[in-house]
Amino acid sequence: MNFTNLVRQHWAALRGLLVLTVIVGIGYPLFIWLVAQLPGLHDKAEGSIITVDGKPVGSKLIGQLFITDAGDPLPQYFQTRPSAAGTGYDPLASGGSNLGPESIVDTPADPAKVATGAKPADAGFKASLLTLACSRSAAVAKAEGLGTEAGLRPFCTSDGVGAVLSVIGPRDTRGNVVRPTRVVSVNEPCATTQQPFLVSYLGVHVECAQFGEDYSIGQIVPIRGTAPDSPQVPSDAVTASGSGLDPNISPAYAAIQVARVAGARHVSPDQIRSVVAEHTDGRDLGFLGEPRVNVLVLNLALDHKYPVTS
């Protein structure tokens, strides 16, 4: 290849680079920016920011917590669903818990560390997805004044942990225990309970779990219990979204919070239900997704219509 052809090829490549830079690097972004300025699109392009008295208070697209500095829910506000994004709804830590449906056995806390004043989480405790759902359901039922029974869910104990047994004994060819010799309630350590949720299983006395023992040698058996198939506390009240940023809750979760919010704002439940109905969005295009309530938008509407007075 002679020098002239080499220069010609490099000049053609340089021109292609310049043309593509103008089109892709300047023209296309400028076109998208101009489209974003059209009426109806500008607000969404700017992040769907909500302002009150000219000050931004949040985004319609990202949930936020309505709690005190101590972490307690503010009674005058509808509460959001749980979030696994950082300390809750942190856009820089967006993500889920990475716990799946087979996450049913807790990692117990070291009782020696707990005895010295350490929090269970600092002592090694890690709740399974099942126990998280059970404990959250019980907490929501208590906060909303629904009663203990309303917080029960299938495969949960009355104390709000996963009702799971390790059944130890000889197994058949399919791996099922045919003659239990020992049964342990794996999510109920003896440091916190002396009486497991179940007295006996297949004629064998049920023990509470001892810290440091490995119960994975047994067949892990979740116990359904007598809770209804459709618990009063809906699933979005006890599980986090995949992003941890979901700003919406279901109408069912909003409905069980009405009485508390009405009491805190000194209005009737029907008045609160009316505002909830006004801010309930149906399925997109009539068939996509589920009906939902944007918590931030709803709480701001309540502050405007029924402000809390000291």
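Atoms considered below: every heavy atom in the structure, side chains included; atoms not considered: hydrogens, waters and symmetry mates. Note that the coordinates shown come from a computational prediction; the quantities given were computed from them, not determined experimentally.
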#### Entry: Co-membership, hydrophobic cluster, residues Val206 and Phe211, 4.5 Å side-chain
no
- State yes or no: do Tyr28 and Val22 share one hydrophobic cluster built from I, L, V, M, F, W and Y residues joined by side-chain heavy-atom distances below 4.5 Å, directly or via other members? no
Interatomic distance, CG@Asn248 vs CG@Asp281, rounded to 0.5 Å, equals 7.5 Å
Practice item. Answer yes if the side chains of Ser216 and Asp214 hold a donor-acceptor pair under 3.5 Å, and no otherwise. Key: yes
Side-chain touch Phe78/Leu302, heavy atoms, less than 4.5 angstrom: yes
Correct closest heavy-atom pair for Ala227 and Pro154 would be CB-N, 3.5 Å
Tell me if the CZ atom of Arg171 is crowded by more than 12 foreign heavy atoms within 6.0 Å. yes
Tracing side-chain contacts under 4.5 Å among Ile, Leu, Val, Met, Phe, Trp and Tyr outward from Val24 reaches Val19, Ile23
query = Is there side-chain contact between Ile168 and Val177, with at least one heavy-atom pair below 4.5 Å?
reply = no
OG1 (Thr157) and CG (Leu130) are apart, to the nearest 0.5 Å, by 9.0 Å
Q: Evaluate the side-chain proximity of Asn187 to Val105: yes if any heavy-atom separation is below 4.5 Å, no if none is.
A: yes
Shortest non-hydrogen pair, Leu129 vs Leu99, comes out as CD2-O, 3.7 Å
Heavy atoms of Leu65 and Thr87 approach each other most closely as CD1-O, 3.8 Å
Can you confirm whether more than 12 heavy atoms, excluding those of Gln195, are under 6.0 Å from its CD atom?
yes
Quick one: does Val204's side chain get under 4.5 Å of Arg179's, heavy atoms only? no
Correct closest heavy-atom pair for Gln257 and Gln79 would be OE1-N, 2.6 Å
Residues pairing under disulfide (SG to SG under 2.5 Å) where one sits in residues 217-300, two or more places apart or in two chains, turn out to be none
Residue pairs meeting disulfide (SG to SG under 2.5 Å), one or both in residues 94-164, sequence neighbours left out, come to Cys134-Cys156
### Ser59 side chain reached by Ile49 side chain, heavy atoms, under 4.5 Å
yes
query: Considering only heavy atoms from C-beta outward, does the side chain of Leu298 approach that of Asn294 to under 4.5 Å?
result: no
Side chain to side chain, Thr80 and Gln64, heavy atoms closer than 4.5 Å: no
_pair Val161-Glu188: side-chain heavy atoms closer than 4.5 Å_ = yes
Shortest non-hydrogen pair, Arg260 vs Tyr77, comes out as NH1-O, 2.8 Å
- In terms of hydrophobic clusters joined by side-chain contacts under 4.5 Å, are Tyr253 and Val295 together? yes
Residues pairing under disulfide (SG to SG under 2.5 Å) where one sits in residues 212-289, two or more places apart or in two chains, turn out to be none
Residue pairs passing the disulfide (SG to SG under 2.5 Å) test with at least one member in residues 202-303, sequence neighbours excluded, are Cys190-Cys208
Validation: residues 285-293 side-chain donor-acceptor distances under 3.5 Å, sequence neighbours left out:
residue : atom : partner : partner atom : Å
Glu290  : OE1  : Arg283  : NH2          : 3.0
Arg292  : NH1  : Gly282  : O            : 3.0
Arg292  : NH1  : Glu290  : O            : 3.4
Arg292  : NH2  : Asp284  : OD1          : 2.8

What one should report as the nearest heavy-atom pair of Ala109 and Val114 is CB-CG2, 4.0 Å
Side-chain ion pair, Asp303 and Arg265, N-O less than 4.0 Å
yes
